[in-house]
Amino acid sequence: MQVHLVDGTFELFRAFYGAPPAAAPDGREVGAVRALLRSFNALVHRADVTHVACAFDQVIESFRNQLFAGYKTGAGIDPALWSQFPLAERATAALGIVTWPMVEFEADDALATGAARYAALPEVDQVVVASPDKDLTQCITSDKISCWDRIRDKRLNRAGVIEKFGVEPESIPDYLALVGDSADGIPGIPRWGAKGASAVLAHYKKLEAIPKRGQQWAISVRGGNTLADNLAERYDDALLYRTLATLRTDVPLKEDLQALRYQGAHQKELQALCEEIGEDELMSRVRVRRP
């Protein structure tokens with residue numbers, strides 16, 4: 001049995017920038033939601049997709065914004081995209097997919113929580129996190145969890161994370177703390193790049209284990225003394241950045257494994273929504289759940 005956990009926020013962004021605009025009968029822009037529905041309907045028609053949930057950022061801000069003023073916000077999001085978030089959540093739920101709209105936490109936190117929870121169940125063979133987001137690679141803590149880039153149809157397992165980033169999945173938050181993550185507003189530590197961070201963390205694993213002085217390092221890294229000095233000077237910042245980059249696994253998701261079993265769309269809700277957004281073809285292709 002496989003459990004598929006989908007990054008709805010990423011999928012909506014992808015639909016918005018990849019599909020042509022379209023207007024609903026009332027004039028609203030709904031092109032991304034139409035594209036999202038078609039994409040998700042194709043997903044649930046796959047033979048290996050039996051249990052599925054999808055997480056959205058109902059608001060872009062989360063508890064992390066209270067920890068760091070520079071953390072990402074909703075500023076700069078195209079209003080035509082932003083306006084479709086509530087509709088996308090309704091559409092996903094109407095299609096019959098368990099939907100997690102996040103407010104205090106982020107969608108990635110819900111996915112991380114789900115990955116940890118369902119992978120721990122003996123009846124689950126694999127949890128597939130459907131997202132190319134590098135933050136989510138920290139979820140791959142065992143061979144029962146993988147990430148799936150639906151755009152390129154590429155899978156990333158634990159060995160793949162090590163090959164790609166040079167560190168184990170458990171070190172990804174430390175890696176992002178050092179090199180930064182512009183998408184999330186994490187600046188990183190000056191002079192720390194991917195190569196240096198990978199080399200250091202491949203050996204020391206966590207920030208706390210890195211000696212404060214470069215002369216004490218057991219490995220040779222170009223500019224190591226400068227890197228060590230910069231980390232020592234900004235050590236508290238690095239710990240904060242790691243906290244920001246660390247996904248939570250304690251989101252209070254109420255659904256057990258059985259609740260994630262895909263049983264088809266809610267016919268009345270989906271039909272009404274399709275009429276609302278002017279989607280004329282989808283209903284003929286969906287699987288409708290039995291009463």
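Along the sequence shown, the residues carry numbers beginning at 1.
Between the Asp7 side chain and the Ala130 main chain, no donor and acceptor come within less than 3.5 Å of each other. Not a single donor-acceptor pair under 3.5 Å links the side chain of Asn41 to the backbone N or O of Leu282. Judged by distance alone, with hydrogens and angles left aside, the side-chain atoms of Ser131 form no donor-acceptor pair with the main-chain N or O of Phe10 at under 3.5 Å. Within the 3.5 Å criterion, the main-chain N or O of Asp143 finds a donor-acceptor partner in the side chain of Gln126. No donor-acceptor distance shorter than 3.5 angstrom exists from the side chain of Gln58 to the backbone of Pro86, with no hydrogens or angles considered. Between the side chain of Tyr241 and the backbone N or O of Ile189, no donor-acceptor pair lies under 3.5 Å. Proximity of a side-chain donor or acceptor of Arg38 to a complementary backbone N or O of Val33 within less than 3.5 Å is not detected. A side-chain donor-acceptor contact under 3.5 Å links Arg34 to the backbone of Ile277. Panel note: side chain Ser198, backbone Lys195; no donor-acceptor pair is recorded below 3.5 Å.
A salt bridge links Lys206 and Asp174; the closest N-O separation between the charged side-chain nitrogens and carboxylate oxygens is under 4.0 Å. Using a cut-off of 4.0 Å between Lys/Arg side-chain N and Asp/Glu carboxylate O, Glu276 and Arg90 are scored as salt-bridged. By the 4.0 Å N-to-carboxylate-O rule, Arg150 lies close enough to Glu11 to be salt-bridged with it. Look at Asp256 and Arg117 and you find no salt bridge, because none of the NZ, NE, NH1 or NH2 atoms lies under 4.0 Å from a carboxylate O.
In this model, no donor atom of one side chain and acceptor atom of the other lie less than 3.5 Å apart for Gln138 and Glu170. Between the side chains of Arg242 and Tyr175, no donor N or O sits under 3.5 Å from an acceptor N or O. Side-chain polar atoms of Ser146 and Asn157 form no donor-acceptor pair below 3.5 angstrom. For the 3.5 Å distance criterion, the side chains of Ser62 and Glu106 qualify, holding a donor opposite an acceptor. Defined by atom type and a distance below 3.5 Å, a donor-acceptor pair is missing between the side-chain atoms of Asn225 and Trp217.
Side-chain contact between Thr249 and Leu247 is absent, with no heavy-atom pair separated by less than 4.5 Å. Put simply, the side chain of Trp100 does not reach to within 4.5 Å of the side chain of Cys54, judged on heavy atoms. With a 4.5 Å cut-off on side-chain heavy atoms, Leu260 and Thr50 do not count as touching. In this structure, the side chains of Trp148 and Leu156 stay at 4.5 Å or more apart for every pair of heavy atoms. In this structure, the side chains of Thr92 and Phe40 come closer than 4.5 Å at one or more pairs of heavy atoms. No side-chain heavy atom of Val3 sits under 4.5 Å from any side-chain heavy atom of Val128. Using a 4.5 Å cut-off on side-chain heavy atoms (C-beta onward), Val288 and His266 make no contact. By the 4.5 Å heavy-atom criterion applied to side chains, Thr137 and Pro169 are not counted as neighbours.
Following chains of ILVMFWY side-chain contacts shorter than 4.5 Å, one cannot reach Val59 starting from Phe13, and the two form parts of different hydrophobic clusters. Taken together through direct or relayed side-chain contacts under 4.5 Å among Ile, Leu, Val, Met, Phe, Trp and Tyr, Val103 and Val251 form parts of separate hydrophobic clusters. Both Leu43 and Phe56 belong to a common hydrophobic cluster when Ile, Leu, Val, Met, Phe, Trp and Tyr are linked at side-chain heavy-atom distances under 4.5 angstrom. Placement of Tyr262 and Leu257 in two distinct hydrophobic clusters is found when ILVMFWY residues are connected by side-chain heavy-atom separations under 4.5 Å, directly or transitively. Under the 4.5 Å side-chain heavy-atom criterion for grouping Ile, Leu, Val, Met, Phe, Trp and Tyr, Leu12 is connected to Leu270 within one hydrophobic cluster.
Between Asp109 atom CG and Asp135 atom CG the span is 10.0 Å, to the nearest 0.5 Å. A distance of 8.5 Å separates CD1 of Ile172 from CD1 of Ile140, quoted to the nearest 0.5 Å. We find the CD1-CD1 distance between Ile77 and Ile60 to be 4.0 Å, quoted to the nearest 0.5 Å. Rounded to the nearest 0.5 angstrom, Arg191 CZ and Arg234 CZ are separated by 13.5 Å. Glu104 CD to Gln66 CD: the interatomic distance, rounded to the nearest 0.5 Å, is 8.0 Å. Rounded to the nearest 0.5 Å, atoms OG1 (Thr226) and CG (Leu231) are 12.5 Å apart.
In this structure, Arg64 fails the cation-pi test against Phe105, since its NZ or CZ atom is not both closer than 6.0 Å to the six-membered ring centre and inside 45 degrees of the ring normal.
Closest heavy-atom contact between Ala238 and Leu207: O-CD1, 3.8 Å. The two residues Val167 and Leu201 come nearest to each other via the heavy atoms CG1-CB, 3.7 Å. Closest approach of Arg28 to Leu87, counting heavy atoms only: NH1-CD2, 4.4 Å.
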Apply the test salt bridge (Lys or Arg N to Asp or Glu O under 4.0 Å) to residues Lys154 and Asp149: give CA-CA distance (whole Å), side-chain angles for both, the deciding distance (0.1 Å), then the verdict.
-> CA-CA 5 Å; Lys154 290 186 176 181; Asp149 181 346; over 6 Å; no
Test Val98 against Val52 for side-chain contact (heavy atoms from CB on, under 4.5 Å), laying out the working first.
-> CA-CA 7 Å; Val98 169; Val52 60; over 6 Å; no
Apply side-chain contact (heavy atoms from CB on, under 4.5 Å) to the pair Gln2 and His51, showing each step before the final yes or no.
-> CA-CA 7 Å; Gln2 294 189 26; His51 296 71; over 6 Å; no
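Here Ser142 pairs with Lys144, Ile145 under the side chain to side chain contact (heavy atoms under 4.5 Å, CB included) rule; sequence neighbours left out.
Residue-environment remark: CD (Glu233) stays at or below the threshold of 12 foreign heavy atoms within 6.0 Å.
Here the options are Met283, Glu269, Glu281, the test is side chain to side chain contact (heavy atoms under 4.5 Å, CB included), and the partner is Cys274; only Met283 passes.
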